[in-house]
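Everything on this sheet refers to the single structure shown next.
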2 protein chains.
Amino acid sequence: MARASTTSDVFNAIAEPQRRVIIALLADGRKYSVGQLVDSIRLAQPAVSKHLGVLRTVGIVSVERVGKSRMYSLNANALKPVHDWVKPYEVFWSRQLDRIQSRAERMAASIKPQPELTENKGDNHGCDK
Amino acid sequence: MARASTTSDVFNAIAEPQRRVIIALLADGRKYSVGQLVDSIRLAQPAVSKHLGVLRTVGIVSVERVGKSRMYSLNANALKPVHDWVKPYEVFWSRQLDRIQSRAERMAASIKPQPELTENKGDNHGCDK
DNA sequence: TTGACATATTCCTTTATAGGAATATAATCG
DNA sequence: CGATTATATTCCTATAAAGGAATATGTCAA
């Protein structure tokens with residue numbers, strides 16, 4: 001099977017470096033036209049438009065027509081799933097490795113219940129120990 | 001050009017849902033053999049081994065040989081770049097849209113200096129306004 | 001309407017998967 | 001050693017993607 005579609009998953013959408021560049025450009029909350037973004041990125045206009053299309057599909061950016069231009073703005077809320085996913089792991093590096101084990105085990109419950117795509121058919125997986 | 005290699009970028013590594021499942025399984029800080037992971041995931045052993053190979057290449061997991069088994073454990077530090085990248089956007093949803101604009105502009109400086117892959121050849125991009 | 005400008009879309013090529021099947025490698029046991 | 005178990009690797013196929021080139025679509029101005 002091929003990779004998951006990039007237009008249906010925020011994680012895939014932000015996996016593309018150029019798209020992260022676009023997101024960073026929009027991070028000041030202002031609206032940018034495609035042309036302005038093209039000037040800032042080493043990429044042709046069609047490519048930028050395609051990336052914007054992906055970001056739009058996933059909900060990371062919003063468009064607004066202004067004259068002949070289309071003004072794109074960041075909809076950062078769409079990035080929240082990424083933040084929510086990675087946040088629990090923060091404890092692993094925020095505190096230096098003292099007694100990480102116990103904290104990690106306490107934390108496990110807050111991470112595991114995110115099967116996302118795979119339904120684990122609920123069978124007990126022979127955990128270690 | 002094709003997509004960036006998944007074996008050289010943490011963002012691409014975690015873009016695969018099954019790999020996030022594996023990461024979640026390892027989140028309790030314990031070591032799991034490949035077989036134990038296979039029992040927990042609806043995926044054949046070779047596929048799991050390949051995913052583990054990707055995660056290992058990117059540094060998200062570590063391996064340790066124990067008898068005929070190989071015990072995998074999470075190296076969450078490798079996820080820090082993702083956290084660092086998404087954290088600045090947290091303000092967008094943590095506070096309800098009151099005066100986000102000004103905060104966003106203050107924040108811009110902390111986000112923009114992450115060109116990652118693209119060297120923006122330093123030219124001024126015609127910002128809006 | 002025509003022309004210029006801004007952006008999106010289509011077509012095409014190269015590349016990179018993800019996963020299945022079969023096989024190779026490694027380590028333990030008798 | 002030979003058999004068994006555990007894991008990795010190779011081969012293969014279907015799918016998807018990124019970007020370039022060319023073109024279509026849409027909007028404004030004269």
Side-chain angles (χ1 to χ4, degrees), chain A residues 1-22 26 31-58 61-73 116-118 125-126 128, chain B residues 1-22 26 31-58 61-73 116-118 125-126 128:
Chain A
M1 198 188 293
R3 208 192 304 207
S5 173
T6 192
T7 59
S8 59
D9 183 3
V10 181
F11 286 87
N12 268 293
I14 67 166
E16 227 295 324
Q18 305 283 22
R19 283 196 286 265
R20 291 202 298 278
V21 172
I22 293 177
L26 297 175
K31 304 176 193 294
Y32 288 83
S33 71
V34 178
Q36 291 171 328
L37 295 173
V38 169
D39 291 343
S40 306
I41 308 176
R42 194 146 253 359
L43 211 53
Q45 174 266 313
V48 174
S49 279
K50 284 173 208 165
H51 283 309
L52 288 169
V54 171
L55 295 174
R56 181 163 19 100
T57 302
V58 183
V61 301
S62 307
V63 213
E64 179 190 352
R65 303 177 92 122
V66 175
K68 347 183 193 183
S69 300
R70 304 206 182 178
M71 307 304 290
Y72 280 85
S73 54
E116 316 227 358
L117 284 192
T118 50
H125 37 79
D128 113 283
Chain B
M1 196 187 294
R3 208 193 304 207
S5 172
T6 191
T7 60
S8 60
D9 184 1
V10 181
F11 286 87
N12 268 293
I14 66 165
E16 227 296 323
Q18 306 282 22
R19 283 196 285 265
R20 291 203 297 277
V21 171
I22 293 177
L26 297 174
K31 303 176 193 296
Y32 289 84
S33 70
V34 178
Q36 292 172 327
L37 295 173
V38 169
D39 290 342
S40 305
I41 309 176
R42 195 146 252 355
L43 211 54
Q45 174 266 314
V48 174
S49 280
K50 284 173 208 167
H51 282 310
L52 288 170
V54 171
L55 294 174
R56 181 163 18 99
T57 301
V58 184
V61 301
S62 306
V63 213
E64 180 190 353
R65 302 177 89 120
V66 175
K68 350 183 191 181
S69 300
R70 306 206 181 179
M71 306 305 287
Y72 280 85
S73 55
E116 314 228 357
L117 283 192
T118 51
H125 36 79
D128 114 282

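Just so it is clear, the values below take in all heavy atoms, side chains as well, and ignore hydrogens, waters and symmetry mates. Numbered from 1 within each chain, the chains take letters A, B, ... in sequence-line order.
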Checking A:Val38 now: which residues fulfil side-chain contact (heavy atoms from CB on, under 4.5 Å) with it, not counting sequence neighbours? A:Val34, A:Gln45, A:Val48
State which of C:dA8, C:dT9, D:dA8 makes the closest approach to the side chain of A:Tyr72. C:dA8
In whole Å, what is the span from the OH atom of B:Tyr32 to the P atom of D:dA6? 18 Å
Within this structure, what is the CD-to-P distance between B:Gln45 and D:dT10, rounded to whole angstrom? 14 Å
Just by protein heavy atoms under 4.0 Å, how would nucleotides 24-30 of chain D read 5' to 3' in B, S and -? --SBS--
By side-chain contact (heavy atoms from CB on, under 4.5 Å) - contacts of A:Thr57 (at least two apart): A:Thr7
N/O (side chain, A:Ser33) to phosphate O (OP1/OP2, C:dT7) under 4.0 Å: yes
Looking only at atom types and distance, does a side-chain atom of B:Arg56 sit under 3.5 Å from a main-chain N or O of B:Val61, one as donor and one as acceptor? no
Measure from the side-chain heavy atoms of A:Arg56 and tell me the nearest of D:dA8, C:dA8, D:dG19. C:dA8
With DNA chain D as reference, determine whether B:Val63 or A:Ala44 sits nearer its 5' end, using the nearest nucleotide of each. B:Val63
Does a nitrogen or oxygen in the side chain of A:Gln36 sit under 4.0 Å from OP1 or OP2 of C:dA6? no
Name all residues meeting the side chain to side chain donor-acceptor pair (under 3.5 Å) criterion together with B:Ser69; count only those two or more places apart in sequence or in a different chain, and write none if there are none. none
